[in-house]
S.K.: 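I'd like to ask you about the structure that follows.
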Amino acid sequence: MSSRAERRRQERGIPRHARRGEDSRTSPVVSPIARDAVSTWQELASGQGLKMGFLDERKNMTGFVLTGEYASERNEMTKRLAV
């Protein structure tokens, strides 16, 4: 990964453990986020992985990160994204 991409992820506030994944056998699932998005990361669940949503001021989900046991929830989380 380029250092430029790494800086962008850090600026967005994605925690390091969310980027790398809790379980090395499961790749993290990350939804694309608009460059100009005004949202904050909120932990939705944790356990044998991490489930985080990128929520705007009205609590609409505009992005997400899933690792470990939550990686299988990709389709469900995609349906929850604000259009």
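Keep in mind that the numbers below use all heavy atoms, side chains included, and drop hydrogens, waters and symmetry copies. Keep in mind it's a predicted model, so treat the numbers as computed, not measured.
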S.K.: Please identify each residue that fulfils side chain to side chain donor-acceptor pair (under 3.5 Å) with T78, with sequence neighbours left out.
M.R.: none
S.K.: With sequence neighbours excluded, what pairs up with S46 under the side-chain contact (heavy atoms from CB on, under 4.5 Å) test?
M.R.: E43, L50
S.K.: For the atom pair CG (L44) and CE (M77), what is the distance rounded to the nearest 0.5 Å?
M.R.: 5.5 Å
S.K.: Taking the side chain as every heavy atom from C-beta outward, state whether E69 and K51 have any atom pair closer than 4.5 Å.
M.R.: no
S.K.: Between L55 and M61, which heavy-atom pair has the shortest distance, and what is it?
M.R.: CD2-CA, 3.6 Å
S.K.: With rounding to the nearest 0.5 Å, note down the distance linking OH in Y70 to CZ in F64.
M.R.: 15.0 Å
S.K.: Could you give the distance from CD (E73) to NZ (K79), rounded to the nearest 0.5 Å?
M.R.: 12.0 Å
S.K.: Sequence neighbours excluded, which residues qualify as side-chain contact (heavy atoms from CB on, under 4.5 Å) partners of D56?
M.R.: S39, R58, N60, T62
S.K.: Search all heavy atoms of A71 against all heavy atoms of S27 and return the closest pair with its distance.
M.R.: CB-O, 4.2 Å
